[in-house]
Each structure stands twice: as structure tokens, then as C-alpha cells.
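These notes are about the structure you will find just below.
Computed from a prediction, not measured in an experiment: that's the story for all the values here. Reminder, nothing fancy here: chain letters follow the sequence lines and each chain counts from 1.
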Number of protein chains: 2
Amino acid sequence: MKEGPDIAQIGALIGDPARANMLAALTGGKALTATELAAVGGITLQTASAHLAKLEAGGLLLPRKQGRHRYFSLADEAVARLIESMMGFAASRGHLRHQPGPKEPALRKARICYDHLAGDYGVRMLDSLVAKGAIDAVGDGLALTAKGEETFQCIGIDVADLKASRRPLCRSCLDWSERRAHLAGSLGKALLTSFFDKGWARRTAGSRSVIFSPEGERQFVALFPVETPVAA
Amino acid sequence: MKEGPDIAQIGALIGDPARANMLAALTGGKALTATELAAVGGITLQTASAHLAKLEAGGLLLPRKQGRHRYFSLADEAVARLIESMMGFAASRGHLRHQPGPKEPALRKARICYDHLAGDYGVRMLDSLVAKGAIDAVGDGLALTAKGEETFQCIGIDVADLKASRRPLCRSCLDWSERRAHLAGSLGKALLTSFFDKGWARRTAGSRSVIFSPEGERQFVALFPVETPVAA
DNA sequence: TCCATACTTCGACCGTAGCCGAAGCATCTC
DNA sequence: GAGATGCTTCGGCTACGGTCGAAGTATGGA
């Protein structure tokens, strides 16, 4: 009977469509204001305010006051992982949104998952890194190899710096659209950040999707080649 | 806005206390009848029937008709993982049940998590296996070593048999009470099953907790020793 | 100081979903 | 067939939670 932690509480928190939309939007990694989140949820500001208060009380959101704005973001990476894993689960049961919509393909191709790259490109990147021996994949676990350390140093990512942080370097995150793993953790974050810095890609305004420039796409594909199956 | 899979639906499904209790009970791995689940949820049979229909429609439960009983169990391991991960998350946010209750300690010590051992004993077992080199831990991932293969063969677990199945051999599962990983996957299942077969432990009637016999406990501790930190 | 913007609180409305009693099927036992 | 047991369906009640309009509070700018 009454055993263990109360999953009903957080289930109910996520179970409201407006709140779920807000959380999904915040999985894009950017902090959003109450007004923006109201729009995302398709509700008025007053209603959104009530929802946000509940999410905050439940420990899912972290507000940051800035002038007359209140920016909300996911409380931590654990929330993002939970949301993403629920998306994967929902997809596996066929609980899809009514209209796929025109933005869907872009989202499946490349999107932000909290702070790292997801979608087809995210999965391909990890595959390529594993194939070239930069990352070791054991079961669900990922680990940086010595060779990988070199590789990333060359791209301009200071692995030693990342190692200093308490956050895990490599983490596998199940991709809901591809149903396979992509790279999360501080290394995943650093990689995505570097793509932005180099101008290879940019985030879109109101969506999680990531748009690669033609040049960026070329560079990305060159850097993370995939074995093309030999044409039969 | 309308992006990706519908997490609100499954959130709402889990978000009802009665349904959450049912799901938690089913995480014990045993299939239960509608009547039993009604008791677990603290509701009448009619109400439970409605809840179960929803859970089934949502793809969380799998009913099996047997005579005049209908046995319900979690649809698959993915459901169990989702529930368990939500428990871990809920625990991390302090969303605990009102009364800890007298059964709580037994539950923290050893319990069933779908089909494998969890709780303090589950975590200790994995720690010990990693320490003796039977299992490799890389990041979150677990892999059986050659040495481990021998070890398990000696205990009477046919690893080759398990490998034949499509299900992953080793999987790490985050323990909500210990906040650390324990061993899931077909190997985790095989180990727990062997404890039951050897009479070292038994499941309890209405709970997830696993009770070790004095002799079983002795054997278990001998088989999976933990490094006692040297007294200072 | 005055107004605009960002957000919260209050109050009232309404719908949905949970709940149970009673009746209806289905299945097993005798 | 009669009766018990397990479960589902129906109907009606109720309450909780989501919703918005309107008013209230904070911050920024002119």
C-alpha cells in the first residue's frame, strides 16, 4: 500500500497539458518568462502564474528574478532527464500529439535536449564518436577514452576543465525521436556550445529545434562521419 | 508549442493516487487481480475497474485472463523503469508519503524492483560484483566480464542462456532508497530468482519487500562481501 | 510623479474525473 | 440449474482543479 515516494504528486504535476507544454518548452534549455510560458501553454497569464507556482513548489522549476521579469528554467538536469525519458516512453506507447505539424521534421533532425544536441544529428554524433574510438560504450554507459581526450582537445574543448566539475562528463540520454542514445553530460553540452560558438548552428526562436547553416552542416558531417552502408 | 510526444497523458495516468499505488504495487513484479489492486488503491472494485481500463488503454498494463480472474501486470520492463525512475525523482524532491510506516525499513533493506533485487542489498550486491571484477562499470553502464562469466557459472547461473535472449544482460537501475545503482537486466533477474530457489529469501504477501532467512543472509553476505572501511 | 509593463492574488464559474450503489455479465462450483 | 464469486457497466453525485476577469502589487522608464 503506502510504500515509497509519492509518484502521484509529480505525475499529476506533469499530467496537466498546459504544464506539460511548459516543461517541454523548458527542455529547450533556455529560461523563459511567465508570459512566454503562458503562450506556450495556450493559457492566460493568471492561469500560467498558478501553474508555475505549483511547478516551483514541486521542485521542478527554478525561478530567477530579473528586473520585472521572472525567468523560469528547469530546476536541474534530473528534471530534464525525467521529461525526456517520459517523452521516450510516451512515444513508445504511441501517445503522440494530434498534429505532427510542419516543425516536426526539423525537430527530429536536430534539437536541444536541456543543454546538449538531440535528434538524428545527436545520435549520429555519438555513433561516430564511438566508431572512431573517442568514446567507449559499455551497456548504457559512456566513457571518454584517451584517444577521445586528444580528439576533443583538437576541436578546442578543454576536457580537463570539464573533468573538474562535479557533473558527469559523459552520459547517455535516450532520444525519443530516434529511440537510441545520444550524448549528454558536460561533454555533450560543451560540444553543442562549440557548434553555436563556431556559427555552425543556431537555436530557433520559439522551439527546441536547432538549425544548421549549410557550411555548419558540411563541417559537422565531415567531423562526425557515419559509415555509409555499402550499396548493394 | 505542440512539440513531440504527449507526456501529459501518461503523467495524468500516473498522477492519480489510486493508480499510482496500483502501479507501485505492480512494480513488485507479481501479477495482481483487480480485487487485490482495488485494495491497494484503497477504492472499491468498480472504481478500480475504471482505473485499470485507463491504464490498460494507456499501454501501461497488460491483463491476462485466467478463469474468472483478471491478472494485471506492468506491460513491460520500460514501465517498471519509468515508475522506478519517478520514485527516485520524487524522493530527490522530498515528495515522500505521509507516514513512513513500520514496513519502511524492510523495504529499504531489500525489495523487488520488477524482477530484480533492489534496496540496500541490491546496491551492495552490485558494489561487490564490481569490486571483485565480475562486472565492469563504465559511467552508468554495466558489462559482464570474462571473470564474471565464470563466477556466475559457479553459482549456477547459465550466462550463455541469458545471452540468447534479446533483453540486455546487465542494466543499471537507480535505487530510490539508496540513490545509487543496483543491477537490473536478465542477470539481475536470474540472481534474484536463484536466491528464491535456494531458499535464501522469499517475497512477502502484500508488499515489495524481500525477507532473507538467517541462513540466506549469511550466505548472501559471504557471497557478496563489502569492503569494510578500516576503523580509524 | 505618472504611466506602462510584468506578474500575482482574488473570486467566481464550470467541466471533468473520481467515486460509489446497484444492476448486469461472465465464470466456476455444487 | 442455482448460487457464489470476480469483474464491468450504468447512473448520478460530488469535489477538486483549471480557467478567466478584475483588481492588486512590484518594477522600470519618462
Side-chain angles (χ1 to χ4, degrees), chain A residues 1-2 6-26 30-58 60-73 95 98 206, chain B residues 1-2 6-26 30-73 95 98 205-206:
Chain A
M1 295 103 212
K2 300 236 177 180
D6 194 354
I7 61 173
Q9 223 167 99
I10 72 151
L13 234 33
I14 301 177
D16 177 83
R19 285 195 292 259
N21 282 334
M22 295 177 171
L23 289 169
L26 288 171
K30 246 191 323 195
L32 300 173
T33 66
T35 311
E36 290 171 315
L37 287 168
V40 165
I43 49 181
T44 61
L45 189 54
Q46 313 93 285
T47 309
S49 182
H51 283 308
L52 291 169
K54 285 184 189 180
L55 288 172
E56 186 188 343
L60 301 199
L61 294 188
L62 216 58
R64 252 176 324 120
K65 189 145 194 170
Q66 207 166 98
R68 54 181 162 182
H69 295 275
R70 272 186 86 197
Y71 283 92
F72 290 88
S73 49
H95 294 296
H98 317 84
Chain B
M1 293 104 212
K2 301 237 175 179
D6 194 355
I7 62 175
Q9 222 167 100
I10 72 152
L13 235 32
I14 302 177
D16 178 84
R19 285 196 291 259
N21 282 334
M22 293 177 173
L23 288 169
L26 288 171
K30 248 193 318 196
L32 300 173
T33 67
T35 311
E36 289 170 316
L37 288 168
V40 165
I43 49 182
T44 61
L45 187 52
Q46 313 94 286
T47 308
S49 183
H51 282 307
L52 291 169
K54 285 184 189 183
L55 288 172
E56 187 188 342
L60 301 199
L61 294 187
L62 216 60
R64 254 177 322 121
K65 189 145 195 171
Q66 205 166 98
R68 55 180 161 183
H69 296 274
R70 271 187 86 197
Y71 283 92
F72 290 88
S73 49
H95 294 294
H98 316 86

| field | Close side-chain approach of V40(B) to L26(B), heavy-atom, < 4.5 Å | value | no

| query | Looking at D16(A), I43(A), L61(A), which one forms a side chain to side chain contact (heavy atoms under 4.5 Å, CB included) with M22(A)? | reply | I43(A)

| Point-to-point distance, once rounded to the nearest 0.5 Å, from CG of L32(B) to CG of L52(B) | 10.0 Å

| note | Rounded to whole Å, the CD-C1' distance (E36(B) to dT5(D)) equals 14 Å

| Could you give the CD1-to-P distance, from I43(A) to dT8(C), as a whole number of Å? | 12 Å

| Once you round it to whole Å, what is the distance between P of dT5(C) and OH of Y71(A)? | 16 Å

| request: Report the distance from atom CG of D16(A) to atom P of dG15(C), rounded to the nearest whole Å. | output: 17 Å

| query | Whole-Å distance between dG17(D) C1' and Q9(A) CD? | reply | 15 Å

| Whole-Å gap separating P (dT8(C)) and CD (E56(A)) | 9 Å

| query | Starting at the 5' end of DNA chain D, which residue's closest nucleotide do you reach first, L52(B) or Q66(A)? | reply | L52(B)

| Can you tell me how far CD1 of I7(A) sits from CG of L13(A), rounded to the nearest 0.5 angstrom? | 13.5 Å

| message | Can you tell me which nucleotide in dG18(C), dC20(C), dA4(C) comes closest to the side chain of R68(A)? | response | dA4(C)

| Interatomic distance, K65(A) NZ vs dA6(C) P [rounded to whole Å] | 13 Å

| query | Closer than 4.0 Å, any side-chain N/O of H51(A) to the OP1 or OP2 of dT19(D)? | reply | yes

| task | Consider the side chain of K54(B), meaning its heavy atoms from C-beta on, and name the nucleotide among dT8(C), dC19(C), dA17(C) that approaches it most closely. | result | dA17(C)

| Closest nucleotide of DNA chain C for L45(B) versus for A53(A): which of these residues is on the 5' side? | A53(A)

| Closest to the T47(B) side chain, choosing from dT5(D), dA6(C), dC19(C) | dC19(C)

| said: Counting only side-chain heavy atoms from C-beta out, which of dG18(C), dT8(D), dC20(D) sits nearest to Q46(A)? | reply: dC20(D)

| query | Can you tell which of dC20(D), dT8(C), dC20(C) lies closest to the side chain of T44(B)? | reply | dC20(C)

| query | Roughly, in whole Å, what's the span from NE2 in H69(B) to P in dA26(C)? | reply | 18 Å

| task | Look at the side chain of R70(B) and decide which nucleotide, out of dG18(D), dT8(D), dC7(C), has an atom nearest to it. | result | dT8(D)

| Closest listed nucleotide, where the reference is the side chain of T33(B) and the choices are dT19(D), dC7(D), dG18(C) | dC7(D)

| field | Side chain to side chain, K30(A) and E36(A), heavy atoms closer than 4.5 Å | value | no

